[in-house]
Amino acid sequence: MAALTIATGTGNWFSALALGVTLLKCLLIPTYHSTDFEVHRNWLAITHSLPISQWYYEATSEWTLDYPPFFAWFEYILSHVAKYFDQEMLNVHNLNYSSSRTLLFQRFSVIFMDVLFVYAVRECCKCIDGKKVGKELTEKPKFILSVLLLWNFGLLIVDHIHFQYNGFLFGLMLLSIARLFQKRHMEGAFLFAVLLHFKHIYLYVAPAYGVYLLRSYCFTANKPDGSIRWKSFSFVRVISLGLVVFLVSALSLGPFLALNQLPQVFSRLFPFKRGLCHAYWAPNFWALYNALDKVLSVIGLNDKWFGSAVPTHSPSLSDSLGNPHLHTDCHIGPRGFLRCLTLCALSSFMFGWHVHEKAILLAILPMSLLSVGKAGDASIFLILTTTGHYSLFPLLFTAPELPIKILLMLLFTIYSISSLKTLFRKEKPLFNWMETFYLLGLGPLEVCCEFVFPFTSWKVKYPFIPLLLTSVYCAVGITYAWFKLYVSVLIDSAIGKTKKQ
């Protein structure tokens, strides 16, 4: 608090928030790390010790390179710094190598790359209007948004305990969003194109970018009622956007095209041979479907009532379900685009193929920007964030991390709810009784999974039960948030059309 007081007086409160969370990340260095730590160490070794022609063929480790080329080059650059820490980490045959110097290098590389995320958050804060400006610093929308993004619980545990490099990737996404808000469309398109070639999961939100750029940049004028003036279509702008995408893609995929390796690269990026659901079911529609399917099979009603009602799963079916109709909300402006982007991300999470639980962050972070603008969006954000963050708990299953994850989530959740309630205190309550009851139910669920179940006889025979309960319970909340967001987008779009008419 002392640091915050000083920052308030000098106007550097944002720097104080960024510094504070950086120090917390440093404190988390000794904590548990997942197999993703070995994944990225192996990628350092592959890109450093092998020619580019072997990057997407190397299979000494089970953790093969399966990210787009820009991320491979990122690992290549990191490897040339890593060799000054511990040369042995760059040996492809040193499987599961984890020296103290390797640990420090990889942890600090994640922290250092978060500089881009911090910059992107600052740029996003500049795009927030100041209609609801409180007297106190902590009541200002920009301050609340900064905390919600910089101190996001999910991003903290996934990157700085579990171990991944999501921070700078989300930084690229948030920066591209900020540029679109600032009407710097070409920069926004360029940043998003670069992002896609770092991690292809962001294809989930590509439809929102495509529709918005076509509507707001390629059409240069509207009719008085707000509809498109078709004659204002600019071929020059379409070609310029296409050129940006083409050049970025050529830079990324060109070397592999020259080596005639594109089919191999794509087979690594899109491994559709994997099953519909991950080992730990992501809390989405398929978790609910699988749970209901199992219950009905136990009582003998599966084939009669449910099994024939749903077609055989396929990636194409999942993709079509996960790609929502964008309607025309994107024409309302940058905020409409942001709502569509969030809806795309959440819909893809709900119905996507082999979705990981960590993908919920792709919806939570952009929803943070919406949460400080309208009470309705704040309500959806709090339900989505609280439920989505709790669904990440199984990632940290070791005893030393139990108090850490509980404390950090409690602090973030309490702050999120209290700050947004204060921001919208003149409007209706953010939760109804049903939503409050559901969110409070996460407490007993945690007690049951972490403190009761381990002492029961079921632990040996049914070790998956805590994961099952967590996945299904959280899937209910996330599905509810998705439905509320979808309805909200449809209503706002209809209201916008009515006003213009």
Practice item. Output, in order, the C-alpha distance, side-chain angles, deciding distance and verdict of side-chain contact (heavy atoms from CB on, under 4.5 Å) for I380 and L370. Key: CA-CA 10 Å; I380 297 171; L370 293 170; over 6 Å; no
Check your understanding: What is the distance from atom CG of L361 to atom CD1 of I157, rounded to the nearest 0.5 Å?
Key -> 8.5 Å
Exercise for review: Determine whether L395 and K358 make a side-chain contact, defined as any pair of heavy atoms from C-beta on separated by less than 4.5 Å.
Suggested key: yes
Review point. Roughly how far, to the nearest 0.5 Å, is CD1 of I46 from NE2 of H40?
Key: 12.0 Å
Practice item. Show the numbers, then the answer: is there a ring pair (Phe, Tyr, Trp, His ring centres under 6.0 Å) between F71 and F74? Key: CA-CA 5 Å; F71 201 95; F74 166 69; 5.2 Å; yes
Practice item. Kindly compute the distance separating CG (L369) from CD1 (I128), expressed to the nearest 0.5 Å. Key: 5.0 Å
Review point. Any side-chain heavy-atom pair from S371 and L420 closer than 4.5 angstrom?
Key: yes
Study note, to complete from the structure: The reported gap from OG in S216 to CZ in R237 (rounded to nearest 0.5 angstrom) is 10.5 Å
Review point. Around atom NZ of K484, are there more than 12 heavy atoms of other residues, nucleotides or ligands at under 6.0 Å?
Key: yes
Check your understanding: Do F256 and P69 come within less than 4.5 Å of each other through their side chains, counting heavy atoms only?
Key -> yes
Review point. Do you know which two heavy atoms are closest between G188 and Y209, and how far apart they sit?
Key: O-CE2, 4.5 Å
Practice item. Assess the side chains of Y57 and Q261: does a donor N or O sit below 3.5 Å from an acceptor N or O? Key: no
Check your understanding: For P263, does its backbone N or O pair with a side-chain atom of R268 as donor and acceptor, under 3.5 Å?
Key -> no
Exercise for review: Over 60° means perpendicular and under 30° means parallel, so classify the ring planes of F266 and F270, tilted if in between.
Suggested key: tilted
Exercise for review: Drop me the distance from T385's OG1 to M409's CE, to the nearest 0.5 angstrom.
Suggested key: 9.0 Å
Check your understanding: Checking E357 side chain against S391 main chain: does a donor-acceptor pair fall under 3.5 Å?
Key -> no
Check your understanding: Is there a side-chain contact between C218 and L241 (heavy atoms, below 4.5 Å)?
Key -> yes
Practice item. Check step by step if side-chain contact (heavy atoms from CB on, under 4.5 Å) holds for F70 and L251. Key: CA-CA 9 Å; F70 277 178; L251 183 61; 4.1 Å; yes
**Study point:** Side chain D36, main chain V39, donor-acceptor under 3.5 Å
**Key:** no
Practice item. For Y438 and G477, indicate whether the former's side chain and the latter's backbone hold a donor-acceptor pair under 3.5 Å. Key: yes
Practice item. Please check if the side chain of E435 supplies one atom and the backbone of N432 the other of a donor-acceptor pair under 3.5 Å. Key: yes
Practice item. For A375 and E427, work out which heavy atoms get closest and say how close. Key: CB-OE1, 3.2 Å
Review point. Would you call R339-D377 a salt bridge at under 4.0 Å N-O?
Key: yes
Review point. Going by heavy atoms in the side chains, are F192 and L180 under 4.5 Å from each other?
Key: no
Exercise for review: With the side chain counted from C-beta on, respond yes when L362 and F349 share a heavy-atom pair under 4.5 Å apart, and no when they do not.
Suggested key: no
**Study point:** Spatial distance of atom CG (L365) from atom CD1 (I360) [nearest 0.5 Å]
**Key:** 10.5 Å
Check your understanding: Any idea which heavy atoms bring P68 and L269 closest together, and the distance?
Key -> N-CD2, 3.5 Å
Point to revise | Derivation and outcome, ring pair (Phe, Tyr, Trp, His ring centres under 6.0 Å), residues F285 and F351 | key: CA-CA 6 Å; F285 169 81; F351 303 105; 5.4 Å; yes
Exercise for review: Mark yes or no for whether T422, through its side chain, and S418, through its backbone, hold a donor-acceptor pair below 3.5 Å.
Suggested key: yes
Review point. Tell me, do E187 and Q182 make a side-chain contact under 4.5 Å, heavy atoms counted?
Key: no
Review point. Distance-only, no hydrogens or angles: does the S176 side chain make a donor-acceptor pair with backbone N or O of M173 under 3.5 Å?
Key: yes
**Study point:** Donor-acceptor pair between W55 and T47 side chains, under 3.5 angstrom
**Key:** no
Check your understanding: Taking atom types as modelled and ignoring hydrogens, do the side chains of Y480 and T387 form a donor-acceptor contact shorter than 3.5 angstrom?
Key -> no
Review point. Any sub-3.5 Å donor-acceptor pair from H197's side-chain atoms to V248's backbone N or O?
Key: no
**Study point:** Trace of the ring pair (Phe, Tyr, Trp, His ring centres under 6.0 Å) decision for F153 with F412
**Key:** CA-CA 6 Å; F153 166 76; F412 182 83; 7.2 Å; no
Point to revise | Side-chain heavy-atom pair E123, I177 within 4.5 angstrom cut-off | key: no
Review point. With distance as the sole test, does W43 use its side chain to make a donor-acceptor pair with the main-chain N or O of T64 at under 3.5 Å?
Key: yes
Check your understanding: Under 3.5 Å, is there a donor-acceptor pair between the S109 and Y165 side chains?
Key -> yes
Review point. Given F219 and F233, is the side-chain contact (heavy atoms from CB on, under 4.5 Å) satisfied, shown in steps?
Key: CA-CA 4 Å; F219 286 95; F233 182 76; 3.5 Å; yes
Review point. Short question: side chain of N284, backbone of A287 - any donor-acceptor pair under 3.5 Å?
Key: yes
**Study point:** For T342 against M367, the heavy-atom pair lying closest together
**Key:** CG2-SD, 3.6 Å
Practice item. Measure across C127 and F181 and return the closest heavy-atom pair with its distance rounded to 0.1 Å. Key: SG-CB, 3.6 Å
Check your understanding: Taking everything shown except N260 itself, do over 12 heavy atoms lie less than 6.0 Å from its CG?
Key -> no
Practice item. Determine, step by step, whether V244 and M186 satisfy the side-chain contact (heavy atoms from CB on, under 4.5 Å) criterion, reporting the C-alpha distance in whole Å, the side-chain angles of both residues, the deciding distance to 0.1 Å, and the verdict. Key: CA-CA 8 Å; V244 166; M186 290 295 290; 3.3 Å; yes
**Study point:** Passing option when L169 is tested against L195, D159, L174 for side chain to side chain contact (heavy atoms under 4.5 Å, CB included)
**Key:** L195
Check your understanding: Is the distance between the ring centroids of F393 and Y390 less than 6.0 Å?
Key -> yes
Exercise for review: Kindly give the heavy-atom pair with the smallest separation between P141 and L423, and that separation in Å.
Suggested key: CG-CD1, 4.0 Å
